[in-house]
Amino acid sequence: MRILVTGGAGFIGSHLCDRLLAEGHEVIAMDNLVTGSTDNIAHLASHRRFRFIFHDVTEYIHLDGPLDVILHLASLPSPVDYLEKPIKTLKVGALGTHKTLGLAVVKRALYLLASTSEVYGDPKVHPQPETYWGNVNPIGPRGVYDESKRYAEAMTMAYHRAHGLETRTARIFNTYGPRMRLDDGRVVPNFVKQALLGEPLTVYDDGSRTRSFCYVSDMVEGLYRLLLSDEVYPVNLGSPHEMTVLEFAHKMLEVSGSSSEIVFVTPADERTKDDPQTRRPDISKARRVLGWQPRVVLEEGLRLTIEWFQEHLAKPQKKPEQG
Ligand code: NAD
Ligand code: UDP
């Protein structure tokens with residue numbers, strides 16, 4: 001198949017490109033590098049079935065030739081990034097989804113939207129099944145991300161209903177692994193970097209909020225299975241192994257062997273406003289429909305991630321653009 005991956009120079013997108021190429025497909029990665037980096041796809045530069053196009057997907061997309069699949073991953077998913085770039089975040093979720101859906105109609109391509117657990121907001125139902133409608137503050141600082149993805153889901157379903165477009169929607173929960181941007185501000189890069197540098201691990205507020213962390217190879221497997229399935233309605237993909245952020249900090253120290261201390265800090269900006277208190281996917285549907293569940297245990301995934309960060313902390317990274 002000839003496949004377009006938007007956000008293909010990002011963390012999950014670049015791993016997905018690797019997998020699609022390994023399956024024998026032709027892959028076009030499209031990215032404006034707002035948070036991604038060509039470092040993530042440098043190893044693919046000379047691959048004969050791979051091509052990179054620098055393009056902002058909120059602008060009209062022209063692509064020559066046939067296209068069988070579009071996977072729309074372009075987004076600004078780190079809370080620190082979307083607080084800094086709220087309008088770009090809304091635009092890529094809304095206009096970027098609209099443009100890529102339009103392209104899918106023209107090309108008669110199968111369309112997969114990378115949505116998020118953030119559509120559930122600060123959930124009142126726990127764990128979260130796909131049938132839960134969520135609890136989102138539209139005007140809070142996180143609203144720019146949450147609402148852009150909720151709009152993206154609504155737009156995707158509208159194209160399915162109005163144009164008969166074949167669509168898939170993955171609700172991705174916290175995912176980690178090599179190629180996360182070292183300074184993207186999410187908890188995994190922060191804690192790994194702090195542990196490796198012997199700096200204090202910054203647990204926000206009292207560390208009682210919960211998350212569950214899925215290793216990137218499991219996520220890519222889930223996305224690929226969803227793509228090949230015939231499930232039109234959203235499917236949760238993530239780890240059901242829930243822990244508090246404080247427990248996660250202790251796990252990071254244990255796996256890295258770091259002697260960093262843990263400090264409790266209250267960020268001065270709005271990054272923890274409306275920060276979901278609990279989050280855990282109900283993955284019964286993914287188990288039933290895709291025969292999928294995560295395989296990589298946290299200790300192993302963290303070990304692989306720490307190794308990668310160790311190699312890359314030494315190298316200077318491209319700073320994302322402002323605006
Ligand atoms: P990432 O920031 O590494 O990748 C996103 C990519 O999209 C970046 O390369 C960025 O440059 C690109 N991009 C952003 N705006 C663009 C635009 N207008 N035009 C073209 N490219 C643009 O993030 P990620 O963690 O790999 O996330 C990938 C997808 O998965 C996103 O859609 C995200 O919302 C979703 N997701 C991720 C997680 C997670 O824990 N990693 C959780 C839930 C959902
Ligand atoms: N967090 C933290 N310390 C950090 C970064 C994040 O305690 O240095 C917390 C954050 O407040 C949230 C959780 O870790 O409760 C996960 O945050 P992340 O930014 O990774 O993504 P989120 O799940 O909120 O989208």
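We count ligands from 1, going down the list as the structure has it; atoms in each ligand are counted the same way.
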When you measure from the side chain of [X] to the backbone N and O of [Y], does any donor-acceptor pair fall under 3.5 Å?
{"X": "Thr244", "Y": "Glu247", "answer": "yes"}
{"X": "Thr35", "Y": "Leu76", "answer": "no"}
{"X": "Ser260", "Y": "Glu199", "answer": "yes"}

Ignoring angles and geometry beyond distance, decide whether [X] reaches within less than 3.5 Å of ligand 2 through its nitrogen or oxygen atoms.
{"X": "Arg186", "result": "no"}
{"X": "Tyr82", "result": "no"}
{"X": "Tyr204", "result": "yes"}
{"X": "Val187", "result": "yes"}

Before accepting this row, confirm whether a basic side-chain N of the pair [X]/[Y] lies closer than 4.0 Å to the acidic partner's carboxylate O.
{"X": "Asp81", "Y": "Arg186", "answer": "no"}
{"X": "Glu299", "Y": "Arg303", "answer": "no"}
{"X": "Arg168", "Y": "Glu231", "answer": "no"}
{"X": "Arg19", "Y": "Glu221", "answer": "yes"}
{"X": "Glu26", "Y": "Arg2", "answer": "yes"}

Can you report which non-hydrogen protein atom sits closest to [atom], along with the distance?
{"atom": "atom 19 (N) of ligand 1", "answer": "Val57 N, 2.9 Å"}
{"atom": "atom 37 (C) of ligand 1", "answer": "Ile12 CD1, 3.8 Å"}
{"atom": "atom 28 (C) of ligand 1", "answer": "Leu73 O, 3.8 Å"}
{"atom": "atom 17 (C) of ligand 1", "answer": "Asn32 ND2, 3.4 Å"}
{"atom": "atom 11 (O) of ligand 2", "answer": "Asp275 OD2, 2.5 Å"}
{"atom": "atom 4 (O) of ligand 1", "answer": "Gly10 CA, 3.5 Å"}
{"atom": "atom 23 (O) of ligand 2", "answer": "Arg211 NE, 2.6 Å"}
{"atom": "atom 2 (O) of ligand 1", "answer": "Thr35 OG1, 2.8 Å"}
{"atom": "atom 11 (O) of ligand 1", "answer": "Asp31 OD1, 2.6 Å"}
{"atom": "atom 5 (C) of ligand 1", "answer": "Ser75 O, 3.4 Å"}
{"atom": "atom 13 (C) of ligand 2", "answer": "Val245 CG2, 3.8 Å"}

For [X] and ligand 2, answer yes if some heavy atom of the residue is under 4.0 Å from a ligand atom, otherwise no.
{"X": "Arg279", "answer": "yes"}
{"X": "Phe248", "answer": "no"}
{"X": "Arg142", "answer": "yes"}
{"X": "Arg271", "answer": "no"}

If you measure every N or O of [X] against every N or O of ligand 1, does any of those distances drop under 3.5 Å?
{"X": "Ala74", "answer": "no"}
{"X": "Arg186", "answer": "yes"}
{"X": "Ile172", "answer": "no"}
{"X": "Thr58", "answer": "no"}
{"X": "Met30", "answer": "no"}
{"X": "Ser115", "answer": "no"}

Determine, using heavy atoms of [X] and all atoms of ligand 1, whether some pair is separated by less than 4.0 Å.
{"X": "Tyr145", "value": "yes"}
{"X": "Met219", "value": "no"}
{"X": "Arg171", "value": "no"}
{"X": "His55", "value": "yes"}

What atoms of ligand 1 come within less than 4.0 Å of a heavy atom belonging to [X]?
{"X": "Val92", "result": "15 (N), 16 (C), 17 (C), 18 (N)"}
{"X": "Asp56", "result": "17 (C), 18 (N), 19 (N)"}
{"X": "Ala9", "result": "9 (O)"}
{"X": "Gly36", "result": "8 (C), 9 (O), 10 (C), 11 (O)"}
{"X": "Asn174", "result": "40 (O)"}
{"X": "Thr116", "result": "43 (C), 44 (C)"}
{"X": "Pro77", "result": "2 (O), 23 (O), 24 (P), 25 (O), 27 (O), 33 (C), 34 (O)"}
{"X": "Gly7", "result": "6 (C), 7 (O), 12 (C)"}

[X]: numbered ligand 2 atoms lying under 4.0 Å from its heavy atoms:
{"X": "Thr272", "result": "11 (O)"}
{"X": "Val203", "result": "7 (O)"}
{"X": "Asn190", "result": "4 (C), 5 (C), 8 (O)"}
{"X": "Arg209", "result": "11 (O), 15 (O)"}
{"X": "Asn174", "result": "21 (O), 22 (P), 23 (O)"}
{"X": "Glu118", "result": "25 (O)"}
{"X": "Thr202", "result": "2 (C), 3 (N), 4 (C), 7 (O), 8 (O)"}

Can you tell me if Lys285 has over 12 outside heavy atoms packed within less than 6.0 Å of its NZ?
yes
Nearest heavy-atom pair of Pro240 and Arg287: which atoms, and what distance?
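Where Pro240 meets Arg287 most closely, the heavy atoms are CG-NH2, 4.2 Å.
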Ser212 versus Ser239, closest heavy-atom pair with distance:
OG-O, 2.5 Å
Given Glu242, which of Arg279, Arg280, Arg209, Arg211 fulfils the salt bridge (charged side-chain N to carboxylate O under 4.0 Å, His left out) condition?
Arg280
Is the ring pair Tyr120/Tyr132 parallel, tilted or perpendicular, if the boundaries are 30 and 60 degrees?
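Plane angle under 30°, so parallel.
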Checking heavy atoms under 4.0 Å, the part of Leu33 that sits near ligand 1 is backbone
Would you please indicate if the ring centroids of Tyr111 and Tyr159 are separated by under 6.0 Å?
no
Can you measure from CD (Glu307) to CG (Leu196) and round to the nearest 0.5 angstrom?
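Answer for the CD-CG pair, Glu307 versus Leu196, is 11.0 Å.
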Rounded distance [0.5 Å steps], CG in Asp275 versus CG in Asp122
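Taking CG in Asp275 and CG in Asp122, the distance rounds to 8.0 Å.
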